[in-house]
Amino acid sequence: TLLQCYLRAGSSEDLQTKAKKALKNILQKCVHLPALEPLLHDAPPNILKHVVAQFSKVLPHDPKARRLFVTSGGLKKVQEIKAEPGSALMEYINVINGCYPEEIVRYYSPGYSEKLLERIDNHQPIMTQ
C-alpha cells in the first residue's frame, strides 16, 4: 500500500515523497469513512492529520457515519490522539467532537472509566427505610 511505501525504511526518498503526496491527495477525496478508519490506528502523525481532517469534513453531514464512527471505535481513537492546542489537528478533533453530545465524547475519552469508578467510591448511598 501507499502507506507501507511511505513508511518502509528501505524505500527511496523519491518513492516516499511520491507515496506521501499520493496518499494526501487520495485522503482529501475519500468520503468512504470505513476505508479511512484503519489509518486512524496505523498512520504516522503527519498523515494522521489528513485522515482526521477528512473525518471532520464528512461526519457533520452524515448521521449514519457518526453512529458507525462511535461503534467502530473511531471516536475513542480520536480522543486518544495527542494534539497541540491551536494546531490544525486539534481543530479537526474539535469539529469531530462537536458532532456528538458532550457525554458521549467524555465517555470515550481516556481515563473516563477511572473517573466514574472514583465517583462510585466517593458516593454516599441514600438510605431509605
Side-chain angles (χ1 to χ4, degrees):
T1 68
L2 287 173
L3 184 60
Q4 290 169 335
C5 289
Y6 175 67
L7 295 175
R8 189 174 308 131
S11 295
S12 69
E13 189 174 322
D14 183 53
L15 177 60
Q16 288 179 332
T17 301
K18 289 178 179 175
K20 180 181 179 183
K21 186 174 182 177
L23 195 53
K24 284 172 55 176
N25 287 331
I26 291 168
L27 289 173
Q28 290 171 349
K29 294 182 181 12
C30 183
V31 293
H32 183 65
L33 299 185
L36 293 176
E37 196 119 1
L39 293 173
L40 278 175
H41 305 277
D42 301 334
N46 58 334
I47 299 294
L48 184 63
K49 173 177 68 174
H50 301 287
V51 175
V52 175
Q54 200 59 21
F55 278 105
S56 76
K57 291 176 190 172
V58 176
L59 289 173
H61 310 288
D62 189 340
K64 284 185 179 178
R66 287 195 298 270
R67 182 179 183 90
L68 183 61
F69 192 63
V70 170
T71 58
S72 68
L75 183 62
K76 182 179 188 305
K77 181 62 182 167
V78 166
Q79 302 313 306
E80 295 168 354
I81 295 172
K82 306 271 190 274
E84 292 291 321
S87 67
L89 180 57
M90 191 72 222
E91 291 300 316
Y92 301 142
I93 291 170
N94 288 339
V95 169
I96 292 169
N97 288 347
C99 294
Y100 299 96
E102 187 180 327
E103 62 269 17
I104 298 292
V105 175
R106 271 199 318 262
Y107 180 80
Y108 287 102
S109 296
Y112 184 69
S113 59
E114 289 83 16
K115 288 178 187 171
L116 284 180
L117 292 173
E118 187 177 301
R119 286 181 62 192
I120 291 170
D121 292 342
N122 295 330
H123 181 73
Q124 295 298 319
I126 298 171
M127 300 297 216
T128 59
Q129 296 181 18

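Atom set for the values below is all heavy atoms of this structure, side chains included, hydrogens, waters and symmetry mates excluded.
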Report yes if some heavy atom in the side chain of [X] is under 4.5 Å from a heavy atom in the side chain of [Y]; otherwise report no.
X	Y	answer
Val52	Leu89	yes
Leu33	Leu36	yes
Pro44	Tyr6	yes
Arg119	Lys115	no

Using the side-chain hydrogen bond (donor to acceptor under 3.5 Å, both in side chains) rule, collect all pairs that involve residues 55-72, keeping only residues at least two apart or in two chains. Glu37-Ser72
Which heavy atom in [X] sits nearest to a heavy atom in [Y], and how many Å separate them?
X	Y	result
Met90	Glu84	CB-O, 3.4 Å
Cys5	Gln16	O-CG, 3.9 Å
Cys30	Gln54	O-NE2, 2.8 Å
Leu40	Val51	CD2-CG1, 4.1 Å

Gln28 atom CD: more than 12 heavy-atom contacts under 6.0 Å: yes
I'd like to know whether NZ of Lys49 has more than 12 heavy-atom contacts from other residues, nucleotides or ligands below 6.0 angstrom. no
Rounded to the nearest 0.5 Å, what's the gap from [atom1] on [X] to [atom2] on [Y]? Could you check?
X	Y	atom1	atom2	answer
Ile81	Ile93	CD1	CD1	4.5 Å
Leu23	Lys20	CG	NZ	10.0 Å
Ile96	Glu91	CD1	CD	12.0 Å
Leu39	Lys77	CG	NZ	12.0 Å
Ile26	Leu2	CD1	CG	5.0 Å

Tyr92: what forms a ring pair (Phe, Tyr, Trp, His ring centres under 6.0 Å) with it, not counting sequence neighbours? none
Describe, in one word, how the ring planes of Phe69 and Tyr100 are oriented to each other, choosing from parallel (under 30°), tilted (30 to 60°) and perpendicular (over 60°). parallel
Are the side chain of Ser12 and the backbone of Leu15 linked by a donor-acceptor contact shorter than 3.5 Å? yes
